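Please read these numbers as outputs of a predicted model, since none were measured by experiment.
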Amino acid sequence: MRTALWLYLFMFVAFFDLHAQYPILSPFALSLGAAPSFIGLIMGVYSITHLPGNLIAGYGVDKYGSKFFIVFSLIVAGIILLFQSNVKDPWHLLYIRSISGFVLAFLSPACLSLLARIAKDRIQQSKLMAGNGLIHTLASVVSPAAGAILVAKIGFTTAFSVLGWILIITGFLAIFGVKEKQLLSQSAGKLPVLDHHGHGMPDEDANFPVGASVPWLFFLIPMALSCSQGILFFELPLMESARESILTSGVFFTLISLGALLSISFWFLNKVSPFIRTVCGSLSLAVVFFGLAIQWAIPLPVSLFLIGMAKGVIYPALAALLASITSSSRYGRVFSLLSISYSVGAFIGPMMAGQLRDHISSYFIAFFILMLALSLLPLRSFKAPVTT
């Protein structure tokens, strides 16, 4: 499992760098003279440029393996951050972020695909996906506060440079840390494809249409989840209390991650159907956003913690569900579709919040999108097969 540990390291560093920028990117854009609506565009374009990268990664990973895409994504993303440290104009920041979004789009499908392939059985596969969620959460716990502290101590320019060099060094470590050919030859046998109840399904070849095992409307769930997260990450740094102190913004993001960490630590949840976890977690998340929209009596820190708990349930469940009902020859493409869904949602969220926040609560938008995705979920497609 040494390769799994390397993959966790790469994803930890990538997520650390990404989340470290959440509390500082909006203030950085404001310091360059960007308006709130333009900040929404800056945050959104990073996600929309994920799309071509995700499409390339989907087929590329299945055909050529994961290692090249992991190394390329880490090193080039680090170089781009070095350029970002010297940005002096909001439009230049927009261009840099758009390129960064394309480059980092390769990392998640490549890592998730390799994690799914190296598992010996479905139980180990579920544990590896839960481990991925744990690493993601740990990175997001420490990185927002770390990013805020970095900026407070050394400024935006040096902070972005430090984050860039961390990515570059990790990318070079990936060249020697991932032994993909040897690993895949040892685990060449395919795992059985299952439905969400654990019933066996026929394994298919590389031409198997995704929609035949994963309903297309299902991808509205990760899209809505990412959209709501994008709205939240857009709004928090612009709150009055957060704008007065960048450290406050970092604490807000850390509270979300601590909530997710608590949920992921409940290992008994892995015994619950990932489909049920996905639906219940999404519904709970929608309720919290509705509460924020109506300014319920629950304090903001507690609400953010609850949002994190819901995320900690949903993200591992989504990955485990897709891995369990998909042929191993299609992991790259399916996880690419998952990343595309996240990218589209993360683009729509900040854009809508930036344009509509003066007319309607951004949190109500997040609630509405989550409930719409749940209402359109094709439940019949996930029923257990009838046995005779």
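The heavy-atom pair separating L51 from I340 by the smallest distance is CD2-CG2, 3.3 Å. Here the closest non-hydrogen pair linking S31 and F156 is OG-CE1, 4.2 Å. The shortest non-hydrogen separation linking I231 to A366 is CD1-N, 3.8 Å. Residues W296 and S303 come closest through the heavy atom pair NE1-OG, 3.1 Å. G171 and L74 get closest at one heavy-atom pair: CA-CB, 3.6 Å. Counting all heavy atoms, side chain and backbone alike, A29 lies closest to I39 at CB-CG1, 3.8 Å.
A search for side-chain hydrogen bond (donor to acceptor under 3.5 Å, both in side chains) contacts involving Y342 returns nothing, not counting sequence neighbours. Residues satisfying the side-chain hydrogen bond (donor to acceptor under 3.5 Å, both in side chains) test with W165, not counting sequence neighbours, are none.
In this structure, L376 and L372 have side chains that are in contact, with non-hydrogen atoms separated by less than 4.5 Å.
Cluster annotation: F219 is not connected to Y59 through the hydrophobic network of ILVMFWY side chains, with a link wherever side-chain heavy atoms come within less than 4.5 Å.
For an aromatic pair to be called close, the ring centres must be under 6.0 Å apart, and F289 with F368 fails this.
Residue F106 is tested with Y64, F69, F335 for a ring pair (Phe, Tyr, Trp, His ring centres under 6.0 Å); the sole match is F69.
In this structure, CE in M352 is found 9.0 Å from OG in S362, a value given to the nearest 0.5 Å.
Taking a 6.0 Å sphere around CZ of F38, one finds it holds more than 12 heavy atoms contributed by other residues, nucleotides or ligands.
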